[in-house]
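What follows is a set of notes on a single structure, which appears directly below.
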Amino acid sequence: MTILGSTGSVGRSTVDLIARDPASYRVEALVAGSSVELLAEQARRLRAQLAVVANPDRYRALKEALAGTSIIAAAGPEAVAEAASLPAEWVMAAVVGFAGLAPTLVAARRGAIVALANKEALVCAGRLLIEAVEHSGGMLLPVDSEHNAIFQVFEPQQRQAIDRLILTASGGPFRNWSLADMADATPEQALAHPNWDMGDKISIDSATLMNKGLELIEAHLLFGLPAEKIEIVVHPQSIIHSMVGYCDGSVLAQLGTQDMRVPISYALGWPSRIDGPAARLDFTNLSALTFEPPDSGRFPSLQLAREALATGGLASIVLNAANEAAVAAFLVRRIGFLDIARVVEDVMVGWEGATTRLESLEQAQVADLEARRRAEEGCRKRSLSD
Ligand SMILES: NC(=O)c1ccc[n+]([C@@H]2O[C@H](COP(=O)([O-])OP(=O)(O)OC[C@H]3O[C@@H](n4cnc5c(N)ncnc54)[C@H](OP(=O)(O)O)[C@@H]3O)[C@@H](O)[C@H]2O)c1
């Protein structure tokens, strides 16, 4: 196996599962962005063949951290793509953001089983990824807890009888905040997710509900249902991870504690199930399971994602790139929390030719770069220091 993004939140959970049963796995490559110390420690622990850091400036540090081992060190985006091209049967795609698209596509094109956490890759280039998997005979296994839940209860032989998907959302840390309070929200407050411990970018996306918007697009691409058959319901306890509704009125749900090692274990063991260390649900201790509709007035990102999906073409690349740039600007306090969605909306509204069909990775990269540039401009205009 190979883990793209091994030093992140999903990556570390994957490493934890593999380290519990080292005899069952052979690790080909581990890939990180720039955290070389943790990467080297993981590579030693899992006896990986290759460790790659995307940031070329960190090559020497990685080499030094691996001194005395036979683990090969490499750096730079080409080395990341090469790591994905090695013949690992199973690849965890857990790089955050658009940066994960290129290596994920490489793994999909050579027929690997791709455990997909990196939702941005699918949102931006869904057609390319799905076609790659179809041509190569590979597989995409959803790791995002909602899509993994749906995958577990989606009966492919009953496809015609499925009349809706129900994605659950925790509502994030600002579920009950007023707009006025949200306007002053700090990165620390936005990062404090009530239920899940995740990387910074997805935590902010959970606070704006852009995460649910990206997941809506992801669900459409993975399961082929139109947007109007994908419902979003806020379920603050995050016990039900998502549901599938059938034409007879039955609803099948997957439940569990809030531990990403559950969906990762499912993807690791697929098509079998393997033992997992996650805490078991104790139903006698569950106070209540509650549900409410999302508030699109306070969380406009959801609607922006619906519009991107309806537009098709390059629109979701524009949505995603502008969001990545705006989230990064918010995290360093350059813009306010509510500005994130405003910046994204401005870039989307000003984009001509969004319906252009996506044909190649290069085309996606050009659109991504340009949308980031425009979002940067938008962030500058809204800069808090002005
Ligand atoms: N965390 C969750 O519970 C969760 C749940 C569902 C889905 N997801 C999805 O899974 C993906 C990862 O999320 P996360 O929370 O694990 O993120 P994270 O903690 O920020 O980790 C991101 C990983 O990507 C690496 N990375 C960053 N830029 C890179 C680049 N240019 N090339 C190669 N590697 C790079 C990071 O390396 P460094 O450590 O060196 O920066 C790190 O290993 C996201 O798409 C997210 O939406 C996450």
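Worth saying up front: this structure is predicted, and the values here are computed from it rather than measured. Both counts, for ligands and for their atoms, begin at 1 and track the order of listing. Numbering starts at 1 and runs along the sequence shown.
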Between Thr257 and Asp259, a side-chain donor and acceptor under 3.5 Å: no
Selected option - heavy-atom contact closest to atom 33 (C) of ligand 1, from Ala102, Ser35, Pro77, Ala54: Ala54
Close N or O approach (Val80, ligand 1; < 3.5 Å): no
Listed partners of Ala190 passing side chain to side chain contact (heavy atoms under 4.5 Å, CB included), at least two apart: Phe174, Ile204, Ala207, Phe330, Phe337
For atom 15 (O) of ligand 1, closest protein heavy-atom neighbour: Gly199 N, 2.9 Å
Flag, side chain of Thr2 to backbone of Ala29, donor-acceptor distance under 3.5 Å: yes
Option nearest atom 4 (C) of ligand 1 (shortest heavy-atom distance, choices Leu214, Val10, Ile3): Val10
Those atoms of ligand 1 less than 4.0 Å from some heavy atom in Asn118: 45 (O)
Closest protein heavy atom (residue, atom, distance) for atom 37 (O) of ligand 1: Gly33 N, 2.8 Å
Atoms of ligand 1, numbered as shown, that sit under 4.0 Å from any heavy atom of Thr7: 36 (C), 37 (O), 38 (P), 39 (O), 40 (O), 42 (C), 43 (O)
Geometric N/O contact Gly5 with ligand 1, under 3.5 angstrom: yes
Donor-acceptor contact below 3.5 Å, side chain Ser238 vs main chain Asn195: no
His241 side-chain N/O to Gly256 backbone N/O, donor-acceptor pair under 3.5 Å: yes
Salt bridge flag under 4.0 Å for residues Arg12 and Asp16: no
Rounded distance (nearest 0.5 Å) linking atom NZ of Lys63 with atom CD1 of Ile72: 8.5 Å
Phe291 and His235 aromatic ring geometry - parallel, tilted or perpendicular at 30°/60° bounds: parallel
Nearest non-hydrogen protein atom, atom 7 (C) of ligand 1: Asp144 OD1, 3.2 Å
Identity and distance of the protein heavy atom lying nearest atom 9 (C) of ligand 1: Ala117 O, 3.0 Å
Short N-O contact, Asp346 and Arg342, less than 4.0 angstrom: no
Region of Met260 that comes within reach of ligand 1 [heavy atoms, distance under 4.0 Å]: side chain
Heavy-atom nearest neighbour in the protein, as seen from atom 46 (C) of ligand 1, with distance rounded to 0.1 Å: Ile202 CD1, 3.9 Å
Proximity to ligand 1 by part of Ser9, non-hydrogen separation under 4.0 Å: both
Glu134 and Arg127 ion-paired at < 4.0 Å: no
Backbone or side-chain N or O of Asp197 under 3.5 Å from ligand 1 N or O: no
Numbered atoms of ligand 1 (with element) below 4.0 Å of Glu120, judged on heavy atoms: 44 (C), 45 (O), 47 (O)
Residue part near ligand 1, for Val96, under 4.0 Å between non-hydrogen atoms: both
Heteroatom distance test (Ser34, ligand 1): nitrogen or oxygen, under 3.5 angstrom: yes
Residue, atom name and distance, where the atom is the protein heavy atom closest to atom 31 (N) of ligand 1: Ala99 CB, 3.5 Å
Atom 21 (O) of ligand 1: nearest protein contact (heavy atom, Å): Gly8 CA, 3.1 Å
Option from Glu377, Glu376, Glu370 for which salt bridge (charged side-chain N to carboxylate O under 4.0 Å, His left out) with Arg374 holds: Glu370
Within 6.0 Å of CD in Glu89, more than 12 heavy atoms from elsewhere: no
Which residue and heavy atom of the protein sit nearest atom 23 (C) of ligand 1, plus the separation: Ala94 O, 3.6 Å
Met198 N/O to ligand 1 N/O under 3.5 Å: no
Rounded distance (nearest 0.5 Å) linking atom OG of Ser9 with atom CD1 of Ile202: 8.0 Å
Any Lys201 heavy atom less than 4.0 Å to ligand 1: no
